[in-house]
Every structure is written in structure tokens, then in C-alpha cells.
2 protein chains.
Amino acid sequence: MNLKELAHHLNLSQTTVSRALNGYPEVGKATRRRVADEANRLGYRPNAHARRLATGRAHAIGYVFPSDRTVMIDPLFSDFVAGAADVYTSQGFETLLHAGGQEDEMSVYRRYAEGGAVDGVVVQASHVDDPRIALLNELKLPYIVHGRTGDAENTYPWLDIDNCGAFQKATKLLTDFGHKRIGLLNGLETITFALHRRQGYENALREKGLAIDESIRFSGLMTEENGYRHTKRILQQPNAPTALLLSSMLMVWGAMRAVNELGLVVGKDVSMIAHDDGLPFLSADGLVPALTTTSSSIRAAGSRVAELLLERIENPEGEVPHELWNVDLIVRGSTGQAPR
Amino acid sequence: MNLKELAHHLNLSQTTVSRALNGYPEVGKATRRRVADEANRLGYRPNAHARRLATGRAHAIGYVFPSDRTVMIDPLFSDFVAGAADVYTSQGFETLLHAGGQEDEMSVYRRYAEGGAVDGVVVQASHVDDPRIALLNELKLPYIVHGRTGDAENTYPWLDIDNCGAFQKATKLLTDFGHKRIGLLNGLETITFALHRRQGYENALREKGLAIDESIRFSGLMTEENGYRHTKRILQQPNAPTALLLSSMLMVWGAMRAVNELGLVVGKDVSMIAHDDGLPFLSADGLVPALTTTSSSIRAAGSRVAELLLERIENPEGEVPHELWNVDLIVRGSTGQAPR
DNA sequence: AATAAAATTGAAAGCGCTTTGGATAAACAA
DNA sequence: TTGTTTATCCAAAGCGCTTTCAATTTTATT
């Protein structure tokens, strides 16, 4: 049933019915109640497309993935978008996923903006030279970056965790324990979270006058297998590190497998710290030894990113939001004194 | 720029321009070319809402999650929807996620259907008594179930893997190796995939006249910690099983941790088989020992589900599709003879 | 040249809602 | 009672596209 029919049933104009249902104050109380009751009774459902056309608002948020699919398989995304979707849904917005297909990602943004398909987008997997910022600014499509780019940090909206600080603190903890050679298993360093983590790691090494050695580092996809393969490679070389810093819990299993295979003991022969995104199927404190982690909830980040974006949509000329979240360093049994 | 303006530029009617851009055969070739060129030159972008209102088609597929959030955190979903989104995007459809908020899931389906927000939905985490089937049939909203319900299997559209057969074969392999007590770590058995897996496991035990012992079983969330905790519990009791069957790779790490802690060796003291959904961050063959698995690609299932749903949308009165996919049993080093 | 058929293009209505620019009714003050 | 103000309700246009039901132009036939 559409609004016209409902209005006819009520012997009211479409204007009055629309206003009654949408909370306009100039509709009388009794009328408002009549309309609501009848809408319920007759099963009236507003047509989202008509509403969007009439208002010029999409009430939808886009998550656009490049045609290259590696980002999409990221299990972090499930949690990230779960946090966000709750916020959107509560505010009457839809969550749109765009993945795959042949269309270039930039072209998708353009089509979304100029065709009015979404009210805003979340930019993920940000790069130093990210062309999306300039494009979205040109298109005047509200957006927020989850992460950062190389642009001046007060010129575009973003939310990030302090990856640099986190890995600097983690590396410092290890150096405080006397570790002089620390391996790093990172994510793709074209993405700024991983770049910042490496920078933090290097900052801490420099502070202690320790060498930066690329041969005890890995950057790439954060999989169990890469965790295993590169931990093994790193620990088997001469002058092997006595500590490892990992960018994701997803690599921890492989890393621990490798350590065990080499007859080493985590927390004794080799210290280990990993970044914990708070994935529920993979908890850090249940491991043995319990893992020292840099911790930040990806789900909470998803929620906050959603809130900031909706505020931005509501008030596009408002202050440009940027939040840098501190990261907890939770010290558990997987870190200890460097062996002699 | 809208279509009216474009038409004005071209000195053509909106009808002709619309037809030219949408491939209607009755538009002359030269006119078609002129329109396409000018649309490109002037940056015309169709308004998706207007198009949807005019055609009555949403060109969107809904994935609706219950308000309870446990399903959404499932990392399998990332891969499942990645497979599907590629299909939808290629066909000009959007992928809509609905998670969280206060609205009841059934109410969301009703609003989607009657408000025309989506052209179809994918039903996930299906139950034996799943009320969504009846509702979607009543609403006449095209859908497909990923999994099965208790309804007669030719009365609703679904795609599933042969969970029962897979776990029956896996259990049989273990009994063939002489294992007489086999532990099962399953998913939530209110969801039919897990129920079918348990049925397969029990079928194989019955075939060999072996006891069905609930004390060596677990069903619940498939997390690393549950894998650890319940493997430990199961293996520490008197008359412990000599083999384990796990419903997800996500539990394998915990299970192996527990086995190691008990001083046992996988493949020697205890055999292990797990279900492998083909998650790229967690491969089965790279483990040591390489894991015997029941294998099926969740991403491929996502793609196929999407194809079947789009066909259903195109032809709602067509034959009701149902596909049961065989599951490979890939035998690797984690299974061996029962110890004496 | 006239007529018929085919090809191409067009006017206007409609999809279902919102909102502009009112009109009308009720309440209040002189 | 009359005039003014406030509250409540309404007609119609428009958002931007598609599609129905034509009209016009071009081509073929007699």
C-alpha cells in the first residue's frame, strides 16, 4: 500500500499523511494518531526509492573495494563493518558493499556521488598517496578515512589508531628486556597502518642505537602461512633475533608453529608481541603463554567511524574530524628477558 | 547533470536519450552514438533512485543479520559475501548489509519486501524450523537459503554442501583407521550445517556399531579458545578418544595447542580432521602435520548462491533451484592408525 | 506521384514520496 | 460581533527516470 492510498483511506491529503508519519509539528495530535494507527492496520510501507528521489538523500553508506580482491577477504572487515552497520541501521541508513566487477574503484566513487547512490563512503586501506581523497573532495561526497594518508592531517577526516606509537612502545618493551635484534612481521606497507607500525618499530630501535636490519623483517599478507614461513626464515638465519613483533593475530599461529618447530620456547627463547584487533574467534589471553599484545578493537573503530561519518553527512561544513586512538600495550607471558 | 538536461543539449526527447543509453533497438545507430558521446562528454550520471522508482526494481540484494551479533563476527562471511558481491556488481546490483539496530529481523524482511528496498535476499544460518521461509514466501520476495531448513527440500530454493556426507566420510576414515572413540567439536547445532555434520558423524559410528558418547562432543561457537578448551576437556577424560573431528579451521589452532600441551602428537597419538572453508588466511596443507580436511570453498558457494538468486529474481516462477555440493575429503598427515 | 509499411523519434503520464505556497478552521482579543 | 492571530490541513509541482501510446520521417511498392 502506498501513501496515496493510505491518504485516501484516511480522507486526508498526502501532505498531511506524510507529515504525520514524519513527525512534522504542525500536524494535530489526534490526526497524527489516526494516521499512525491506520498505517499500522493497513500495512503501509514507505517506498525507499521514492523517498530518496524526493529528498535527494540516499540514506546509504558505501564501502567500496578495489577490483583486486585481497582486501575483501580480510576477516577484520567482518568485525569492522559489524560495528558500523549497527550505527547506520539505528539511524535508518543502509550499508552498501561494492566489491568485484570490472569497474574501476574511482569510477564507482564518481558514479555513487554523481548518481546520488550513497550519502557518504568509508575509505579503507589508505595509502600515503591516496587519490581517493582528492576525488571525493572534488565530488563533494562526504567520507571518512579509516587510517591515514600522506595529506596534512587536518585537511581530511580520519580515524586511526596510533600504530606508530603502539609499535614504538612494543619495541621499546622488548629493548627494555634487553633484546637487541627484533624481527618484524608486518602487513602490506603500501597501506599506512603497516608503514606507521614499521616507523614506530624503527623509532624505538634508533632510540636505543640499535641496528635496523631488513633481513629480519617481512611485509605482506597477514596469513597463518606467512606467519609460519617468515618466522622460520627469520629465526633460522645467523644472529637470529630474540624477539618478534607481529602486525596481526592471524600470523601468530604460524609464528608459534615455527618457534615450536625450531625447538624454541615463546617467552623464554624468543619473545613475541602481536597486534590484537579484538577478533572474537581468536583471543590473545587464552594462548599459552598468554600473548603480549598491542590492542585496539576494530569493531569499536567501525562504530566510531560510522558515527563520525553520519555527523559529517549531517553537517558537511562542520569541523573536519580526526581521531587518533591510543593503543593499549598489554604485557603477558610471551615477553621476557633476552636470553644471554 | 540529469537526463532532461542531456536531452536538451542533444535536441532530442528524454525518451530517445533514455532508450539510447539503455540499448533499446529502435533507436537509430547514429543517434545512439551521439547520445553516448555527449553523455560521456558532459558527465551524465543516471540517478539510481529515479530509475528504481520508475522501473519498480531495486537492483539490490539484502543480507539481513539478526539483532544478535554473533553471526556477523563470523570471518567466513567476508569470504562468502566477497564471492557473491562480485556476481552482483557484475550484473549491476548492489549488496546491502543489514546488521544491528533494534528492528526485528522479520520486520526488516517485511519492510524490505513491501517497501521495495531489495529484489531478493540470501538467508544464512538456517535452522530446522526457520520462520523466514514462510515469511519470504508470503512476501513473495525472491530468496535463496545458504544451507537448509527442515522444510521439504524441493519446496524452497537452497544451496548447501553435503555436511552429513562429509562428516560421515571423515568419521568412516577414522574408524577405518581403527579409531573407536572419536571426539566431535561442532558449530552451533541449532544451525543446520552443524546438525547435519553431527548426523553424519553419528551415522558412521552406528555403521560400525560404535557408541555415541555425548561427553566427547562439543557444540557452540567455533573459536580458537573453544577449540583449545574442549579438546583439552575431551582428551583428559578417562577412555579419551584417539581422534577428533572439528567443524572449522578456526578451532584447529586451539585444538593443536591442547594436544601439544597434553604431550600428544597429532597424527600419531591422536588423529585430527577439520572442515576447511578455504579461508585464505588459514591454510590446512601448510600445517605440520598437514591437516586432513573436509574441504569446500565458501567463496565459491557465495558466488553460486548469488547466481542462483539473480536467476530466481529474473524468473520467479521458474524451477526451484537446489544444489547440494559434494565435499572433498583430503587425506593428509594428521590422520593415522589408532594407537594400541 | 500516391500510398503503405517500416523505422525512428516524441509528448506526456506515472512511479511514490516530499515540500512549496498556500487555504481553511479554530482560538483569541478588542 | 468582528477582526486578527495561530493552528491545522491541502493542491499541486517536482525529484529523475521509464514507458505507453502515439506522431513523424524514411523507405518501399504500386
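Chain letters run A, B, ... following the sequence lines, proteins first and then strands; every chain starts at 1.
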Q. Which part of the nucleic acid, if any, lies within contact of R45(B), taking any heavy atom under 4.0 Å across all strands shown: a base, the sugar-phosphate backbone alone, or nothing?
A. sugar-phosphate
Q) For the residue pair W158(A) and H322(A), does the interplanar ring angle fall in the parallel (under 30°), tilted (30 to 60°) or perpendicular (over 60°) class? A) parallel
**Q.** Heavy-atom donor-acceptor pair, R52(A) side chain to A58(A) backbone, under 3.5 Å
**A.** yes
For [X] and [N], give me the distance from atom [atom1] to atom [atom2], rounded to whole Å.
X      : N       : atom1 : atom2 : answer
H49(B) : dG16(C) : NE2   : P     : 17 Å
R52(B) : dG16(C) : CZ    : P     : 16 Å
N22(A) : dC17(C) : CG    : C1'   : 9 Å
R57(A) : dG16(D) : CZ    : P     : 15 Å
E5(A)  : dG16(C) : CD    : P     : 8 Å
M1(B)  : dC17(D) : CE    : P     : 10 Å
R33(A) : dT8(D)  : CZ    : C1'   : 16 Å
L3(B)  : dG10(C) : CG    : P     : 12 Å

Q) Would a 4.5 Å heavy-atom cut-off, applied to side chains only, mark M106(A) and R132(A) as touching? A) yes
(Q) Taking the side chain as everything from C-beta on, heavy atoms only, tell me whether R57(A) gets closer than 4.5 Å to I313(A). (A) yes
For nucleotides 9-15 of chain D, give me every protein contact, N/O to N/O, under 3.5 Å, one pair per line with atom names.
{"residue": "dC9(D)", "atom": "OP1", "partner": "T31(A)", "partner atom": "OG1", "Å": "2.3"}
{"residue": "dC9(D)", "atom": "OP2", "partner": "G28(A)", "partner atom": "N", "Å": "2.7"}
{"residue": "dC9(D)", "atom": "OP2", "partner": "T31(A)", "partner atom": "OG1", "Å": "3.4"}
{"residue": "dC10(D)", "atom": "OP2", "partner": "S13(A)", "partner atom": "N", "Å": "2.8"}
{"residue": "dC10(D)", "atom": "OP2", "partner": "S13(A)", "partner atom": "OG", "Å": "3.3"}
{"residue": "dC10(D)", "atom": "OP2", "partner": "T16(A)", "partner atom": "OG1", "Å": "2.7"}
{"residue": "dC10(D)", "atom": "N4", "partner": "R19(A)", "partner atom": "NH1", "Å": "2.8"}
{"residue": "dA11(D)", "atom": "N6", "partner": "T15(A)", "partner atom": "OG1", "Å": "2.4"}
{"residue": "dA12(D)", "atom": "N6", "partner": "T15(A)", "partner atom": "OG1", "Å": "3.4"}

Q) Got a sec: does the CD of E314(B) have more than 12 other heavy atoms crowding it under 6.0 Å? A) no
Q: Taking the six-membered ring for Trp and the full ring for Phe, Tyr or His, determine whether the centres of F80(B) and H146(B) are under 6.0 Å apart.
A: yes
Q) Can the ring centroids of Y143(A) and Y156(A) be said to lie less than 6.0 angstrom from one another? A) no
Q.
For the residue pair E114(B) / Y109(B), report whether a side-chain donor-acceptor contact shorter than 3.5 Å exists.
A. no
Q) Cut-off 3.5 Å, side chains only: do S18(B) and Q14(B) have a donor facing an acceptor? A) no
Q. Any side-chain N or O of Y24(A) less than 4.0 Å from the OP1 or OP2 oxygen of dT19(C)?
A. yes
Q: Five pairs at each end of the helix from dA1(C)-dT30(D) to dA30(C)-dT1(D): take the axis at both ends and give me the angle between them to 10°.
A: 50°
